[in-house]
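Counting from 1, the numbers follow the sequence of the chain as shown.
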Amino acid sequence: MNRQEARESQLSVKFVDIVLVALLLVGFICLLNYYGYALLPFWGDETTFLQPAENLAKGQGMGTPSLDNLLPSIAERTYWQPPVYFLVLAAWGKLFGFEVMSSRWLSRFFGVGVLLLLWVLARRWGIPRWLALACVAWSALDLTFQYNSNLGRMDTLNALLLLGSLLSFTAYQRNGRLWQIALAGTLGALATLTHFIAIPPVLVLMLVLLWQGQQRASLWFILPLFVGWTMWLLYAAQDWQSWWGQLALQFARKGSGGIEVFLLRIPFFQSFLPLYGVFPTNGLPFWFALAVLSVWAWWRKHSPLTGWQTAFFTATYFAATLGGELWYVGWFTPFGYLLLTVWLCFVHKLAPKRARLVAFCLLWMCWQAFNVGQAVSCVSDLKRSTDKFFAEVQALLPEGAFVLLKGIPDPFPYLQRNRPDLHLLYLSPTPMADEALRQVVNRAQFFVGLTGWGHEINSYLAEPIKEWRFQTPHGVWFVKIHPLRKTNSP
């Protein structure tokens, strides 16, 4: 093959790669669009995150009225989460509306961005084209990543910003240009102000620069972090007591269960168990082993990763596992598959038997696709059950009723749109102040949701008026409507 033919062949391969990645992304979006409002069903977080964004867009502060001060002053100011997602959602909502499905479309586009950056980063790290494509395909087929990308939460935006920071940091390590490290710092700052889970890996990147003795680059990386956090703290200065109170309750929830539960999170068992016991997942069962192997290999100087890469992946792993939330599994997924492809590339160089490696990649994709098929099979039934639930609960509630909500599907968006006469309040998963909760429950008339999730008010619940059954291949759950008894003790 002469030089011209080789060059044309290389361009052809790159074109094929772009086409394959584009097809993956289109298929990913189409699949999530089919999931719609059924997989996952509407979640309470989606409403509680939409409200501060909508209020901000209307110039009415950044409160969350649906929580009615069950957390300190949250109806006026939302402090329990950092503000970047709310700012982005406010801008998006002004263009496309403040509906749950609108916020889900935003997450879908963030998911596409994550997959695209993942492919670019894999190629920058020297991973072969076919293995980089496998990395993207594995992430796109992972059900926990799909769930995160079809939910109006900040996890996918956070992963996108953190991947962008990692890509810019990689470029700086190779080229040494200050604008690259400034961009890495800016994206890292935005990631930490989107969700606290990004703080450990971003701090690792900062410490790497300091360890390498790159003072100038360190300043450019730290400056956006300083500016961003200063701006948030200035906003918090309007009400330090509420800021501290909301965050204290949020972190108390993370630490609930004691040291035993905390240690049990380290092996990341939640990554391969059904989500909430009923929604199918298809994650790798050996993320913990891969993380341990990476640290051990770096210590023994036989690692395919540099020291800073090992530190980044270790921090990312522990941020996801120790955080304890099931959403963090999907957040970690693209980083986990990037780590896996680095190791597979290393193994391939040591024992270049490509057929076996390709067979492993295809077999894992087939296993993932089988589980995705299981998830798809329940979408139609979930949509029918959800539509029936929404219509019947709307008809059951009397005019002007005060209703507490906590369950899945969350009927808040439907009732808010179709029954504006109702007073709706969502019970936060974060620990709530006892006196505020007692006052709210004594005013309320009904509870709609999962009885087990409303354990804080069990003593108030009368016998259910009606219940609705929901089913997936992994289990069944019931949503009930209870009248509330009036009592003096919770």
Side-chain angles (χ1 to χ4, degrees), residues 41-52 63-76 78 80 100 245-246 249-250 252-253 256 276-278 385-470 476-490:
F42 284 168
W43 219 270
D45 286 354
E46 297 180 279
T47 295
T48 56
F49 293 157
L50 267 171
Q51 284 195 339
T64 310
S66 64
L67 294 176
D68 196 23
N69 290 328
L70 289 171
L71 301 180
S73 301
I74 199 168
E76 291 78 37
T78 301
W80 67 328
V100 171
Q246 290 182 30
L249 289 170
Q250 177 78 325
R253 176 173 175 250
S256 62
Y276 287 97
V278 293
S385 300
T386 301
D387 291 341
K388 179 184 177 185
F389 165 56
F390 285 170
E392 291 182 355
V393 76
Q394 171 191 229
L396 280 171
L397 292 168
E399 185 175 354
F402 189 155
V403 187
L404 303 182
L405 304 168
K406 191 173 185 181
I408 48 171
D410 174 30
F412 195 114
Y414 182 87
L415 293 175
Q416 186 180 44
R417 182 173 63 251
N418 294 284
R419 289 290 307 275
D421 59 292
L422 299 175
H423 183 181
L424 305 172
L425 189 145
Y426 186 74
L427 294 180
S428 168
T430 298
M432 295 167 281
D434 290 340
E435 183 57 32
L437 180 61
R438 185 180 297 112
Q439 292 177 7
V440 162
V441 176
N442 277 319
R443 286 158 48 208
Q445 297 163 277
F446 297 93
F447 170 77
V448 178
L450 294 166
T451 306
W453 283 15
H455 60 87
E456 307 96 333
I457 60 169
N458 278 347
S459 62
Y460 292 89
L461 300 180
E463 288 299 311
I465 299 172
K466 187 176 179 60
E467 66 179 24
W468 294 266
R469 183 177 186 271
F470 297 86
V476 175
W477 77 97
F478 295 88
V479 176
K480 302 177 183 181
I481 177 170
H482 295 263
L484 291 174
R485 295 190 295 256
K486 303 306 174 187
T487 178
N488 293 323
S489 61

Go through Gln445 and Leu484 one step at a time and tell me if the side chain to side chain contact (heavy atoms under 4.5 Å, CB included) criterion holds. CA-CA 5 Å; Gln445 297 163 277; Leu484 291 174; 6.0 Å; no
Test item: Thr47 and Leu50 side chains (from C-beta on) under 4.5 Å apart, heavy atoms: no
Glu463 CD: over 12 foreign heavy atoms closer than 6.0 Å: no
Can you tell me if NZ on Lys388 sees more than 12 non-hydrogen neighbours from other groups inside 6.0 Å? no
For Phe478, does its backbone N or O pair with a side-chain atom of Arg469 as donor and acceptor, under 3.5 Å? no
Flag, side chain of Thr48 to backbone of Asp45, donor-acceptor distance under 3.5 Å: yes
Quick one: list whatever passes ring-ring contact (aromatic ring centres under 6.0 Å, His included) with Phe446, sequence neighbours left out. none
Give me the ring orientation class for His482 and Phe447: parallel if the planes are under 30° apart, tilted from 30 to 60°, perpendicular past 60°. tilted
Examine the side chains of Thr64 and Thr78 and answer whether a donor and an acceptor come within less than 3.5 Å of each other. yes
Do Leu461 and Arg485 pass the side chain to side chain contact (heavy atoms under 4.5 Å, CB included) test, and can you show the C-alpha distance, the side-chain angles, and the key distance before you say yes or no? CA-CA 6 Å; Leu461 300 180; Arg485 295 190 295 256; 5.7 Å; no
Walk me through it: do Val393 and Val448 pass the test side chain to side chain contact (heavy atoms under 4.5 Å, CB included)? CA-CA 9 Å; Val393 76; Val448 178; 4.1 Å; yes
When you measure from the side chain of Gln51 to the backbone of Ser66, do you find a donor-acceptor pair of N or O atoms at a distance under 3.5 Å? yes
At their closest point, which heavy atom of Gly407 faces which heavy atom of Tyr426, and how far apart are they? N-CE1, 4.5 Å
Do you see a donor-acceptor pair shorter than 3.5 Å between the side chains of Gln246 and Gln250? no
For Pro409 against Thr386, the heavy-atom pair lying closest together: CG-OG1, 3.7 Å
Could you tell me if the side chain of Ile457 sits less than 4.5 Å from the side chain of Leu404, heavy atoms only? yes
Hey, could you give me the CD/CD1 distance between Glu392 and Ile481, rounded to the nearest 0.5 Å? 11.0 Å
Rounded to the nearest 0.5 Å, how far does CZ of Phe412 lie from CZ of Arg417? 12.0 Å
Sequence neighbours excluded, which residues qualify as salt bridge (Lys or Arg N to Asp or Glu O under 4.0 Å) partners of Glu76? none
NE2 (His423) and CG (Leu425) are apart, to the nearest 0.5 Å, by 5.5 Å
Mind checking the OH-CZ spacing from Tyr414 to Phe42? Nearest 0.5 Å is all I need. 11.0 Å
Determine, stepwise, if the pair Tyr460 / Arg438 fulfils side chain to side chain contact (heavy atoms under 4.5 Å, CB included). CA-CA 10 Å; Tyr460 292 89; Arg438 185 180 297 112; 3.6 Å; yes
Please find the pair of heavy atoms, one from Asp68 and one from Ala75, that lie closest to each other, and give the distance. CA-CB, 4.5 Å
Who are the ring-ring contact (aromatic ring centres under 6.0 Å, His included) partners of Trp43, not counting sequence neighbours? Tyr276, Trp327
Taking Trp477 for its side chain and Ile408 for its backbone only, find out whether a donor-acceptor pair lies under 3.5 Å. yes
Closest heavy-atom contact between Phe390 and Asp410? CZ-O, 3.8 Å
Nearest heavy-atom approach of Leu397 to Arg419 is O-NH1, 3.0 Å
Is there a side-chain contact between Leu424 and Pro411 (heavy atoms, below 4.5 Å)? no
Student check: side-chain heavy atoms of Leu427 and Leu405 closer than 4.5 Å: no
Non-hydrogen atoms of Ser428 and Leu71 that approach each other most closely: OG-CD1, 4.3 Å
